[in-house]
*Asks:* 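Below: one structure in structure tokens.
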Amino acid sequence: QVQLVESGGGLVQAGGSLRLSCAASGSIFSISAMGWYRQAPGKQRELVASITRGGNTDYADSVKGRFTISRDIAKNTGYLQMYSLKPEDTALYYCNLRTSWNDYWGQGTQVTVSS
């Protein structure tokens, strides 16, 4: 059984920085991609950033240039480094891991940016 646990969320002021972590445990094979999603009240869940097995990254236009997705394979951990945070970044952030067999989700971590 695969488990994903997000951490690093919190309350920050606009312009601040935060790094989210996604720790994976269990037997994981044939990883296709890892991604970070977010969902704010009344809005659809959206893909914020993704990274493929080969290291190719993609970002939503709203975060491009401010967020960086990465992963440490040896530590079984993915990251989302967020700079220059804005109030509109406020949301529940979820880690997603996609494999050839299934896709897995964490419980989410709350990011709140005050103005």
Side-chain angles (χ1 to χ4, degrees):
Q1 181 68 26
V2 174
Q3 292 188 143
L4 302 178
V5 179
E6 301 99 331
S7 62
L11 175 63
V12 298
Q13 295 183 12
S17 301
L18 209 58
R19 188 177 77 160
L20 307 184
S21 298
C22 175
S25 62
S27 298
I28 306 174
F29 302 95
S30 301
I31 296 174
S32 296
M34 186 269 286
W36 286 94
Y37 291 74
R38 68 185 182 187
Q39 187 168 27
K43 300 184 67 176
Q44 290 186 313
R45 183 174 298 188
E46 64 173 341
L47 179 62
V48 176
S50 64
I51 184 168
T52 67
R53 181 179 61 182
N56 184 51
T57 59
D58 197 18
Y59 299 91
D61 289 341
S62 60
V63 307
K64 193 170 297 183
R66 299 187 297 119
F67 291 10
T68 301
I69 187 171
S70 63
R71 75 271 196 274
D72 188 329
I73 297 176
K75 295 182 178 180
N76 295 320
T77 303
Y79 304 95
L80 184 67
Q81 179 67 59
M82 305 183 293
Y83 296 105
S84 301
L85 284 163
K86 305 175 180 179
E88 53 261 44
D89 294 319
T90 296
L92 188 63
Y93 284 71
Y94 296 92
C95 178
N96 171 260
L97 186 66
R98 180 153 295 177
T99 73
S100 298
W101 297 91
N102 211 338
D103 70 305
Y104 307 94
W105 294 87
Q107 84 288 350
T109 184
Q110 178 68 39
V111 172
T112 303
V113 184
S114 62
S115 60

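Remember, it's a predicted structure, so these values are computed and weren't measured experimentally. Here, residue 1 is the first one in the sequence, and each next residue gets the next number. Hydrogens, waters and symmetry mates are skipped; everything else that's a heavy atom, side chains included, is used.
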*Asks:* Is there a donor-acceptor contact under 3.5 Å linking the side chains of R66 and Y83?
*Replies:*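 Note: R66 and Y83 side chains miss the donor-acceptor criterion.
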*Asks:* Between Y94 and Q107, what is the shortest heavy-atom contact and its length?
*Replies:*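 Closest pair (atom of Y94, atom of Q107, distance): CE2-O, 3.6 Å.
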*Asks:* Does one hydrophobic cluster hold both V12 and Y93, with members joined at side-chain heavy-atom distances below 4.5 Å?
*Replies:*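 Linked, V12 and Y93 end up in one cluster.
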*Asks:* Is there a path from Y79 to F67 through hydrophobic residues (I, L, V, M, F, W, Y) whose side chains come within less than 4.5 Å of each other?
*Replies:*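 Each belongs to a different hydrophobic cluster.
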*Asks:* So does R38 get a backbone contact from the side chain of E46, meaning a donor-acceptor N/O pair under 3.5 Å?
*Replies:*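 The answer is no, because no donor-acceptor pair under 3.5 Å joins these two groups.
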*Asks:* State whether the side chain of N96 and the backbone N or O of M34 hold a donor-acceptor pair below 3.5 Å, judged by distance alone.
*Replies:*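 Such a contact is absent between N96 side chain and M34 backbone.
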*Asks:* For residues D89 and M82, determine if any side-chain heavy atom of one lies less than 4.5 Å from a side-chain heavy atom of the other.
*Replies:*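 Side chain of D89 against side chain of M82, heavy atoms only: no contact under 4.5 Å found.
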*Asks:* So do the side chains of R53 and S30 get within less than 4.5 Å of each other, counting heavy atoms only?
*Replies:*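 Not touching, per the 4.5 Å side-chain cut-off.
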*Asks:* Would you say I31 and I73 make side-chain contact, with heavy atoms under 4.5 Å?
*Replies:*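 A side-chain contact is absent here, since even the closest heavy-atom pair is not under 4.5 Å.
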*Asks:* When you check the gap from the basic side-chain N to the acidic O, do D61 and K64 get nearer than 4.0 Å?
*Replies:*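 Yes, charged N to carboxylate O under 4.0 Å.
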*Asks:* Rounded to the nearest 0.5 Å, how far does CG of N76 lie from SG of C22?
*Replies:*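 Interatomic distance, C22 SG to N76 CG, rounded to 0.5 Å: 10.5 Å.
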*Asks:* Does any N or O in the side chain of E6 come within less than 3.5 Å of the main-chain N or O of C95, such that one atom is a donor and the other an acceptor?
*Replies:*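 It does hold such a pair.
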*Asks:* Do L11 and Q110 come close enough that some side-chain heavy atom pair is under 4.5 Å?
*Replies:*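 No, side chains not in contact.
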